[in-house]
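This report concerns only the one structure given below.
One-based numbering, in listed order, for ligands and for the atoms of each. Count residues from 1 along the sequence. Just so you know, these numbers use all the heavy atoms, side chains as well, and skip hydrogens, waters and symmetry mates.
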Amino acid sequence: MSLETLAVLSTAERSLLGAVPHQLLIDGQWVDAEGGNTFAVRDPATGQELTAVADASVTDGVRALDAAVAAQEAWAATSPRIRGEILHGAWELLQERKEDAALLMTLEMGKPLAEALDEVAYGGEFLRWFSEEAVRIHGRYGVNPEGTGRMIVTQRAVGPCYLITPWNFPLAMGTRKIAPALAAGCTAVIKPAGLTPLTTLFLAGLLQEAGLPDGVLNVVTTRATGAVSDAIIADPRLRKLSFTGSTSVGVQLLKKAANNVLRTSMELGGNAPFLVFDDADLDAAVEGALAAKFRNIGQACTAANRFLVHESVADEFGRRLTERVRTFRVGRGTEEGVTIGPLIDDKAVAKVGELVADAVSRGASLLAGGRPIDGPGSFFEPTVLGEVGTDADIFREEIFGPVVAITPFRDESDAVAKANATEYGLVSYAYTRDLARAQRLIDALDTGMMGLNVGVVSNAAAPFGGVKQSGVGREGGFEGIHEYLETKYVLIPDPFA
Ligand code: NAD
């Protein structure tokens, strides 16, 4: 860390960064990476180095898996109540340290502090929810149809898991995997995104403090993502791969996981449609649109990507939305009143700029913003585009930035056809006051989740996940723990037959 960097960090930021672990967590010990290698973590609002963390080698990655394998049997045999209590203890510690967790996320990822606090609440709920689910792992018992035997069905831990998480929700994407895995009795190695490793290291420290036994959760931070992951995924002792990230990387990982027929959960990209019908409450639709689009600076897999608005209200919807967007304050997420932080890096800014330029070159009208913001940090103006054609790249690609793209539609069947015209199927949103139409849309929209007259659907108690190329499996809800459980069926002769 350079002195110049230290100068722009507040005392509280500096002491928090100093207190967070920077090493690998292997078998309950914080250790340096092989050769003492490290890599820098940067503040996307300033581009400056915050600190450095261990840069694991392939050998380090395999050592982390060794530890998870060694701890597996004892952890699966630990009573569900104790597993649940450790998760609950971590949730309590997180509540006590919520300001620190939020500040850490704002520093390494850029989201405004208020949103980071929301993520602490949301992400923390997975620890609490699965602490409660640990003691509700059920089986069944019955007589077979022939009456000759008794059938017993039990659930048991899948075994050692490899968890890979993205940078956009540094806490929630970790707890959404760690909590169900641990509740089910699985041990794990987690590899957070290299851009945002600090929150995962912080979380692992809390779990340790809550009494998690050595080796149950191991953390590997690395720049050699592909090589380290390949070695772990190819290892025959691994039983499960759970990945959240882009569809392109997910596809590569599914192919690699196939070699050992690994259990997989894939939470991948999205291209969410946001439908506004002419009978909608337009003010409510604008509120929902702001949440669905600008939460996390547009960098959410659930972010509304295509605003499909009935042609009779499209102009008015665009006008009201633009009015609100013009009031946004862009800046470093730690500053009072900032509503839009930076994008994760300059590559993201360039990509958003290209998508906007392409849409405008194909006839879209620019209602607000549209340009990168000069100066340090990776900022892009909050942007609204009207009359976006279905031939624009922005209609097909995940934007991952603060850009609203409005495309008018003629009628309900046109809206549904446009909404489903994508290989993604994570979430859809619809605003209408017509109950019959709402019910038709629930059936017609090809997505794993739907927000009906609401702009944010995420909840630890709900099964989160997509269809088509948005993924396989569900996280959260009653379903979440089953991703980490295997079903075992036993037949015994009927003693009375
Ligand atoms: P990404 O695919 O680039 O990276 C995700 C993770 O995979 C990171 O930890 C990264 O280091 C790792 N990774 C990258 N290449 C790898 C490789 N060859 N082998 C193994 N691991 C590799 O995605 P990102 O940019 O971090 O995140 C944004 C993407 O994640 C978006 O597409 C977004 O929609 C998606 N996402 C999906 C969900 C969901 O629940 N469906 C949630 C959040 C984000």
Side-chain angles (χ1 to χ4, degrees), residues 39 41 44 53 55-56 58 61 108-109 111 119 122-123 126 162-177 189-197 199-200 219-234 238 241-257 262 264-272 295-305 343-345 347-348 351-352 397-401 422-427 447-449 457-460 462-477 480 483:
F39 66 93
V41 183
V53 297
D55 187 6
V58 169
E108 66 175 346
M109 185 273 165
K111 67 183 74 189
E119 183 174 345
Y122 167 58
F126 290 99
Y162 185 40
L163 316 175
I164 304 179
T165 53
W167 50 264
N168 61 343
F169 290 98
L171 180 78
M173 298 302 95
T175 54
R176 215 165 71 171
K177 295 187 191 305
V189 176
I190 184 164
K191 192 211 78 63
L195 293 164
T196 57
T199 307
T200 304
V219 185
V220 168
T221 52
T222 182
R223 266 185 309 190
T225 299
V228 170
S229 298
D230 286 357
I232 294 175
I233 293 167
L238 187 74
L241 168 65
S242 179
F243 171 79
T244 298
S246 59
T247 295
S248 59
V249 173
V251 168
Q252 291 173 38
L253 293 177
L254 276 171
K255 289 179 183 163
K256 290 172 184 166
L262 283 181
T264 54
S265 299
M266 293 278 147
E267 296 286 348
L268 308 177
N271 181 0
R295 174 170 166 255
N296 225 37
I297 319 140
Q299 302 168 115
C301 52
T302 50
N305 214 56
L343 294 185
I344 191 67
D345 57 20
K347 243 171 47 195
K351 187 195 157 195
V352 172
E397 290 182 32
E398 205 175 16
I399 305 169
F400 247 54
T422 169
E423 70 271 24
Y424 295 107
L426 189 61
V427 62
T447 55
M449 302 178 284
V457 296
S458 304
N459 191 300
F464 188 106
V467 299
K468 296 157 79 179
Q469 292 192 27
S470 285
V472 181
R474 293 294 180 268
E475 291 189 325
E483 302 282 320

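For atom 40 (O) of ligand 1, the nearest protein heavy atom lies closer than 4.0 Å.
Nearest to atom 32 (O) of ligand 1 among the protein's heavy atoms is Glu398 OE1, 2.7 Å. Of the protein's non-hydrogen atoms, Gln252 OE1, 3.8 Å is the one closest to atom 18 (N) of ligand 1. For atom 19 (N) of ligand 1, the closest heavy atom belonging to the protein is Leu253 CD2, 3.7 Å. The nearest heavy-atom contact from the protein to atom 35 (C) of ligand 1 is Gly245 O, 3.2 Å. The closest protein non-hydrogen atom to atom 26 (O) of ligand 1 is Trp167 CD1, 3.0 Å. Protein heavy atom in closest approach to atom 7 (O) of ligand 1: Phe243 CE1, 3.2 Å.
Atoms of ligand 1 found under 4.0 Å from any heavy atom of Pro166 (numbered from 1 in listed order, with element): 26 (O), 27 (O), 43 (C), 44 (C). Each of the following atoms of ligand 1 lies closer than 4.0 Å to a heavy atom of Ser229: 20 (C), 21 (N). Shown in contact with Thr244 at under 4.0 Å from a heavy atom are these atoms of ligand 1, numbered in order with element: 5 (C), 36 (N), 37 (C), 38 (C), 39 (C), 40 (O), 42 (C), 43 (C), 44 (C). Remark: ligand 1 atoms within the under-4.0 Å shell around heavy atoms of Met173 are 42 (C), 43 (C). Of all atoms in ligand 1, numbered sequentially from 1 with element shown, those under 4.0 Å from a heavy atom of Lys191 are 9 (O), 10 (C), 11 (O). Each of the following atoms of ligand 1 lies closer than 4.0 Å to a heavy atom of Phe464: 39 (C), 40 (O). The ligand atoms of ligand 1 that sit less than 4.0 angstrom from a heavy atom of Arg176 are 39 (C), 40 (O). Near Thr165, the atoms of ligand 1 lying under 4.0 angstrom from a non-hydrogen atom of the residue are 6 (C), 8 (C), 9 (O).
At a 3.5 angstrom cut-off on N or O pairs, Ser246 counts as close to ligand 1. At a 3.5 angstrom cut-off on N or O pairs, Leu268 counts as close to ligand 1. On a distance-only criterion, Lys256 and ligand 1 share no N/O pair closer than 3.5 Å. Taking only nitrogen or oxygen atoms, main chain and side chain alike, Asn168 does not reach within less than 3.5 Å of ligand 1.
Residues Pro192 and Val219 form a side-chain contact, since some pair of their non-hydrogen atoms from C-beta on lies under 4.5 Å apart. Side-chain contact between Val352 and Phe400: absent, with no pair of heavy atoms (C-beta onward) separated by less than 4.5 Å. Side chains of Glu397 and Asn271 form no contact here, defined as non-hydrogen atoms less than 4.5 Å apart.
Proximity of Phe400 to ligand 1 is established by a heavy-atom distance of less than 4.0 Å.
Within the structure, salt bridge (Lys or Arg N to Asp or Glu O under 4.0 Å) contacts touching residues 164-176 (residues at least two apart or in different chains) are Arg176-Glu475.
With hydrogens and angles ignored, the 3.5 Å screen pairs no side-chain donor or acceptor of Thr221 with any backbone N or O of Asp55. Of the possible polar contacts, one joining the Thr222 side chain to the Ala56 backbone as a donor-acceptor pair under 3.5 Å is found. At least one donor-acceptor pair under 3.5 Å links the side chain of Lys468 to the backbone N or O of Thr422. Looking at Ser470, its side chain does come within 3.5 Å of a backbone N or O of Leu426 through a donor-acceptor pair. Glu108 places a side-chain N or O within donor-acceptor distance of the main-chain N or O of Thr199, the cut-off being under 3.5 Å.
With hydrogens and angles left out, the side-chain atoms of Glu483 and Ser242 include no donor and acceptor closer than 3.5 Å.
For the atom pair CD (Glu267) and OG1 (Thr247), the distance works out to 11.0 Å, reported to the nearest 0.5 Å. In this structure, the separation between OG on Ser265 and CZ on Phe243 is 12.0 Å, given to the nearest 0.5 Å. Atom CG of Leu241 is separated from atom CD1 of Ile232 by 10.0 Å, given to the nearest 0.5 angstrom.
Among Ser470, Gly473, Cys301, Gly270, the residue whose heavy atom lies nearest to atom 36 (N) of ligand 1 is Cys301. Considering each of Thr200, Thr225, Ile190, the one bringing a non-hydrogen atom nearest atom 14 (C) of ligand 1 is Thr225. Taking only non-hydrogen atoms, the option from Leu241, Val427, Val249 nearest to atom 15 (N) of ligand 1 is Val249.
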Can you give the donor-acceptor pairs under 3.5 Å from side chains of residues 162-174 to other protein atoms, not counting sequence neighbours?
from	atom 1	to	atom 2	distance (Å)
Tyr162	OH	Ser229	OG	2.8
Asn168	ND2	Gln299	O	3.1

